[in-house]
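Have a look at the structure below before the remarks.
Chain naming here is simple, since letters A, B, ... match the order of the sequence lines and numbering starts at 1 in each.
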2 protein chains.
Amino acid sequence: MQLELSVDRSSPVPLYFQLSQQLEAAIEHGTLTPGSLLGNEIELAARLGLSRPTVRQAIQSLVDKGLLVRRRGVGTQVVHSQVKRPLELSSLYDDLEAAGQRPATKVLVNTVEPASAEVAAALGVAEDSDVHRVERLRLAHGEPMAYLCNFLPPGLIALDTDQLETTGLYRLMRAAGITLHSARQSIGARSATAPEAKRLAEQAGAPLLTMQRVTFDDTGRAVEYGTHTYRPTRYSFEFQLLVRT
Amino acid sequence: MQLELSVDRSSPVPLYFQLSQQLEAAIEHGTLTPGSLLGNEIELAARLGLSRPTVRQAIQSLVDKGLLVRRRGVGTQVVHSQVKRPLELSSLYDDLEAAGQRPATKVLVNTVEPASAEVAAALGVAEDSDVHRVERLRLAHGEPMAYLCNFLPPGLIALDTDQLETTGLYRLMRAAGITLHSARQSIGARSATAPEAKRLAEQAGAPLLTMQRVTFDDTGRAVEYGTHTYRPTRYSFEFQLLVRT
DNA sequence: GAGTGGTCTAGACCACACG
DNA sequence: GTGTGGTCTAGACCACTCC
């Protein structure tokens, strides 16, 4: 069966992007089955009236996503194993929403305070300089799921408590025009202290999953530092990752 | 100051790769300071005697690594925050070795047995069909750090106990010509059962960090399924990740 | 308006896999 | 040997940013 592909040269969408989207949709949809060969690049370019570099660019973007594999002398194949979700800078809010869990957020603290040494080091600001402190409890189905404590440098975004209760922090930052670039994360575990246990409706000493994260924008500024604790019976970190080549 | 760049056209190493390596080294070395502009692509191409697409390919590879940021109408800049380690399919053995911890491995079990339903589902093999089972204790400085239980489909690699004690599983697979492609991971936490606690020299009920992983090669075969437990006082998952754009 | 990266073309030669 | 992807060239025009 012949795959239907076409590009619209009058569209402002780049040609390689149009092609990669169509290929991705065909893979997602099962029209291109795992293991099937894509056909050689020259022929594909001729069929679409594109140059080979343009077709290569489209294919390369899907190789980078892990959907296709290229073998010299063989061809380009659709990967067998379905790549579900590449690891991304995930927002717990988005994660829960995607899982259909209707997340709720309760803002416990939303204030400005002097930075501790730890916070100052993480955000790259002077010690005792003002930073925002936000503490939130994230619930799903009315059950506490995670306790989130975040610090932000001043003047970055307006931290409105109502907004914080209806969406995630990353969405607020993106909406404010901040381009997130990278994050440094650390995931661990430890026993709950008495106040932690109380907040999360666990028993003191219960195991907790912990995550610390510093997020940077594309200018290299630290835009957020967070220390989070999760109830491991309710949440775990799941992700797919690709091998660097 | 002018950055010294040159390419060797007689080398079998691709020109774009030579260039990207030199740029990466200059960033690492501090010759290219964070925030500095790289100079426009046309001029850079002319200076090196390369075509612009080749120079772009070199720059793009570093953008993908998170070392550079491009802005239309502005230029290409070195990212401020140092990207340390991109998240990769990490081997605990390599992690420990990189941290100078001289890892040691004790093979507890190395056998072939019928696959349980869970293992069969993860590896995509028939239930009760033969699979390798390897249980290892990973130590650093003589202290137990993690308990690793892995399952592998038969006929993939020879699992020599001596080799397993001197290197990591991923190295053995790569050495056997297996091209690792992607992995699906889940990281969580729970309380140690009595036998788990004993293995890791912890107390029963102590918090443990857990990781489950299925690894696929580039043909889509599952090549490994592992369930690991870590002592959270000795180990945490640390990684840097880039935001998908 | 000037300068930058973003996209695109129409070729070319090479390296590798497979029969 | 044949076919594939891997690399490379020398241009071109456009979109965006900044002055």
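- Phosphate contact (OP1/OP2 of C:dG3, side-chain N/O of B:Arg71, threshold under 4.0 Å): absent.
- Nearest-nucleotide mapping onto DNA chain C: of A:Gln57 and B:Gly73, the residue sitting toward the 5' end is B:Gly73.
- Between B:Arg70 and C:dG6 there is a side-chain polar atom (N or O) within less than 4.0 angstrom of OP1 or OP2.
- Distance CZ (B:Arg72) to C1' (C:dT7): 9 Å, rounded to an integer number of Å.
- Within 6.0 Å of CD in A:Glu28 there are 12 or fewer heavy atoms belonging to other residues, nucleotides or ligands.
- In this structure, CG of B:Leu37 is placed 13 Å from C1' of D:dT17, rounded to the nearest angstrom.
- Residue A:Pro53 is in base contact, counting any heavy-atom pair closer than 4.0 Å across all strands shown.
- Listed candidates were C:dC8, C:dT4, C:dA10. Nearest to the side chain of A:Pro14 is C:dC8.
- Taking OG from A:Ser6 and CG from A:Leu48, the interatomic distance works out to 7.5 Å, rounded to the nearest 0.5 Å.
- The shortest distance between the side-chain N/O atoms of A:Thr54 and the OP1/OP2 oxygens of C:dT9 is below 4.0 Å.
- Whole-Å rounding puts the A:Arg9 CZ to D:dC14 C1' distance at 14 Å.
- Here the CZ atom belonging to B:Arg71 is positioned 10.5 Å from the OG1 atom belonging to B:Thr76, to the nearest 0.5 angstrom.
- Counting heavy-atom neighbours within 6.0 Å of B:Gln21 CD, excluding the residue itself, gives a total above 12.
- Note: CD (A:Gln77) to P (C:dA17) measures 14 Å, nearest angstrom.
- In this structure, A:Tyr16 does not reach the C:dC8 phosphate: none of its side-chain N or O atoms is under 4.0 Å from OP1 or OP2.
- Backbone-only engagement by B:Leu15 is indicated by non-hydrogen atom pairs under 4.0 Å involving sugar-phosphate atoms exclusively.
- Residue B:Thr76 has its side chain nearest to C:dG5 when only C:dG5, C:dT9, D:dT9 are considered.
- Contact check, A:Asn40 against D:dT4: a side-chain N or O comes under 4.0 Å of OP1 or OP2.
- As rounded to whole Å, 16 Å separates atom C1' of D:dG5 from atom CG of A:Leu62.
- Between the CD atom of A:Gln60 and the P atom of D:dC8 there is a distance of 14 Å, given to the nearest Å.
- Counting any heavy atom pair closer than 4.0 Å across all strands shown, B:Arg56 reaches a base atom.
- Between the side chains of A:Tyr16 and A:Gln60, no donor-acceptor pair is found at a separation under 3.5 Å.
- Judged by atom type and distance alone, A:Arg52 reaches the base of D:dG6 through a side-chain donor-acceptor pair under 3.5 Å.
- In this structure, A:Phe17 atom CZ and C:dG6 atom C1' are separated by 14 Å, rounded to whole Å.
- Atom CG in A:Leu44 sits about 18 Å away from atom P in D:dG3, given to the nearest Å.
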